2 protein chains.
Amino acid sequence: MAGQRSRRRIPEATVARLPVYLRILGEQFDVGVGNMSSEELAELAGVNAAKVRKDLSYLGSYGTRGVGYDVEFLVYQIRRELGLTHDWPVVIVGAGNLGQALAGYNGFGDRGFPVGGIVDIDDAKVGSVVGGVRVRHLDDITQVVQARSISIGVIATPGAAAQDAADALVAAGVTSILNFSPTVITVPHGISVGKVDLAVELQILAYHEQRRINAAQGSGLQSLSGLSIPGESRRGASA
Amino acid sequence: MAGQRSRRRIPEATVARLPVYLRILGEQFDVGVGNMSSEELAELAGVNAAKVRKDLSYLGSYGTRGVGYDVEFLVYQIRRELGLTHDWPVVIVGAGNLGQALAGYNGFGDRGFPVGGIVDIDDAKVGSVVGGVRVRHLDDITQVVQARSISIGVIATPGAAAQDAADALVAAGVTSILNFSPTVITVPHGISVGKVDLAVELQILAYHEQRRINAAQGSGLQSLSGLSIPGESRRGASA
DNA sequence: AAACGTTTGTGCACGTTTTCACAAAGGCGA
DNA sequence: TCGCCTTTGTGAAAACGTGCACAAACGTTT
């Protein structure tokens with residue numbers, strides 16, 4: 001079963017962009033687009049065309065020179081490489097505000113990550129149903145994880161409980177964790193961790209706002225254009 | 001009013017870490033810690049000590065050799081540099097599942113980003129109260145933004161509506177946008193954009209899970225240790 | 001006042017990521 | 001079939017971020 005695939009190691013920066021390409025390609029396919037050039041894809045993804053080509057080249061030589069990429073085939077290849085050929089059920093730790101929101105957020109299940117279980121340490125929450133799933137006690141997490149072969153856990157607890165949640169997830173056999181708490185968690189070697197801190201994102205934006213203000217005051221109110229733009233920002237014509 | 005501050009441009013990677021240091025320093029201060037070394041801070045932040053020192057050096061020379069950094073003073077300096085000396089009210093576009101969750105999530109207001117307004121295009125939602133704020137119509141966004149001098153907007157709409165939301169935010173005078181939709185938005189030059197796509201984070205983890213499986217199958221089930229760890233991951237002893 | 005141990009601040013080398021530039025390769029029309 | 005136009009795939013350069021290693025600086029102790 002060893003094809004011509006996955007002999008290369010894909011850079012982390014590329015792995016982070018492949019899901020973006022995947023979504024765009026899927027949308028275009030649904031609208032009837034059968035072929036796309038790196039330039040078109042780059043435009044929609046908000047990145048450089050050369051970057052798109054280099055990113056895609058890690059999957060193999062799947063484009064046709066002078067023509068572009070077959071959308072359907074590329075969708076298949078990216079899904080394959082990202083391991084999205086089947087669903088990955090996730091278990092959510094924490095049935096509070098954020099946990100309930102994540103469980104009820106369709107964007108998870110729709111994209112191949114159904115909520116396979118929710119656990120909480122609070123007996124008052126255990127037994128209630130959020131997002132169509134019954135909340136179980138944290139003590140039962142191993143049972144929940146093993147029953148559905150779950151390998152991805154989501155931490156949606158307050159910061160103070162995050163490390164305990166991580167320890168419980170790892171003990172239950174989870175090997176990837178997405179941490180929504182503001183706390184940095186410690187896990188054994190070999191466990192993958194992703195982190196999303198909503199407040200941090202806003203603080204980064206606040207910094208840029210602050211700079212705008214400083215720049216305007218510092219010099220004599222010169223043009224506000226030409227400021228640096230962070231992250232995945234974009235400018236120019238619209239879609 | 002030009003002090004010794006902000007003459008340097010702070011690298012984006014550093015800006016993304018400063019909020020993490022800030023939270024840790026704040027917690028330590030609350031527990032009575034008055035002084036910290038770069039090594040201690042690095043341990044808690046899960047990064048290299050040299051990186052901490054280099055990051056902090058962009059703020060100025062605020063450490064004392066042989067001693068470390070004064071926690072309270074450093075908190076003040078980071079807050080100042082990030083523009084967190086005052087609150088930044090935000091306006092949320094989209095009062096659906098995600099919008100309501102964000103509005104109800106205390107982590108926003110607690111960290112200096114109170115919800116100053118919520119708007120939606122759906123008349124059925126307008127008038128209802130979520131997170132203590134009354135939902136107004138998207139058409140009134142300019143009024144909402146200007147009444148409270150809001151400069152940060154949060155997009156919590158479905159992907160299809162995200163570009164319209166961004167256009168409305170920019171037209172209303174917002175200069176920073178945090179986009180939770182899966183769509184890449186286009187904004188005029190000079191507007192800062194941050195993006196959080198929950199599905200993308202999970203897809204990155206799926207890739208690592210997939211690699212674990214491929215590695216185990218490809219060769220004769222060799223040790224699962226030594227796998228690469230993405231993002232802000234951590235290993236070793238706990239806190 | 002001098003010697004000592006500690007910790008900062010930073011020059012430098014290294015690795016990763018981005019961007020440029022162009023040869024190679026495919027389709028298409030004459 | 002031949003030449004032209006388009007677009008890929010990728011070397012090489014530039015930009016960026018990370019980590020090591022060490023001199024300079026500080027408090028403390030003698």
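In the text below, chain A, chain B and the rest are named by the order of the sequence lines, each starting its count at 1. Only this structure's heavy atoms are used, side chains among them; waters, hydrogens and symmetry mates stay out. Computed from a prediction, not measured in an experiment: that's the story for all the values here.
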*Look at the side-chain N and O atoms of B/Asn48 and state whether any lies under 4.0 Å from the OP1 or OP2 oxygen of D/dG17.*
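Looking at the OP1 and OP2 atoms of D/dG17, neither is under 4.0 Å from any side-chain N or O of B/Asn48.
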*asked:* When you measure from the side-chain N and O atoms of A/Arg9 to the phosphate of C/dG15, is any distance below 4.0 Å, counting only OP1 and OP2?
replied: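 No, outside the criterion.
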*asked:* Just to be sure I understand the rule, does A/Ala13 reach a base, reach only the sugar-phosphate, or reach nothing, if contact means heavy atoms closer than 4.0 Å?
replied: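 It contacts sugar-phosphate atoms only.
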*Quick one: closest heavy-atom pair of B/Ile155 and B/Ala162, and the distance?*
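Looks like CD1-O, 3.8 Å.
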*Could I get the full list of ring-ring contact (aromatic ring centres under 6.0 Å, His included) partners for A/Tyr76, not counting sequence neighbours?*
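Partners of A/Tyr76 under the ring-ring contact (aromatic ring centres under 6.0 Å, His included) test: none.
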[N] [atom2] sits how many Å from [X] [atom1], rounded?
| X | N | atom1 | atom2 | answer |
| --- | --- | --- | --- | --- |
| A/Arg17 | C/dT19 | CZ | C1' | 12 Å |
| A/Lys51 | D/dT8 | NZ | P | 17 Å |
| A/Leu59 | D/dT10 | CG | P | 12 Å |
| A/Asn35 | C/dG27 | CG | P | 11 Å |
| B/Tyr58 | D/dC16 | OH | P | 11 Å |
| A/Tyr21 | D/dT8 | OH | P | 13 Å |
| B/Glu12 | D/dA15 | CD | P | 18 Å |

*Any donor-acceptor pair under 3.5 Å joining the side chain of A/Lys54 to the base of C/dT19?*
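Counting by modelled atom types and ignoring angles, a donor-acceptor contact under 3.5 Å is found here.
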*Sequence-aligned protein contact record of nucleotides 1-9 of chain C, with B where the base is within under 4.0 Å of a protein heavy atom and S where only the sugar-phosphate is*: -----BBBB
*Ring-ring centroid check A/Phe73 A/Tyr62, cutoff 6.0 Å*: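 Ring centroids of A/Phe73 and A/Tyr62 are less than 6.0 Å from each other.
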*Exam field: side chain B/Thr183 to backbone B/Ile185, donor-acceptor pair closer than 3.5 Å*: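 A pair under 3.5 Å: no.
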*Side chains of B/Ser151 and A/Arg212, donor plus acceptor under 3.5 Å*: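 There is no such pair between these side chains.
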*Any chance the side chains of B/Thr85 and B/Arg79 put a donor and an acceptor closer than 3.5 Å?*
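No donor-acceptor contact under 3.5 Å links the two side chains.
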*Test side chain to side chain contact (heavy atoms under 4.5 Å, CB included) applied to A/Tyr21 and A/Leu44, A/Val47, A/Thr14, the passing residue*: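 The side chain to side chain contact (heavy atoms under 4.5 Å, CB included) with A/Tyr21 is passed solely by A/Val47 among A/Leu44, A/Val47, A/Thr14.
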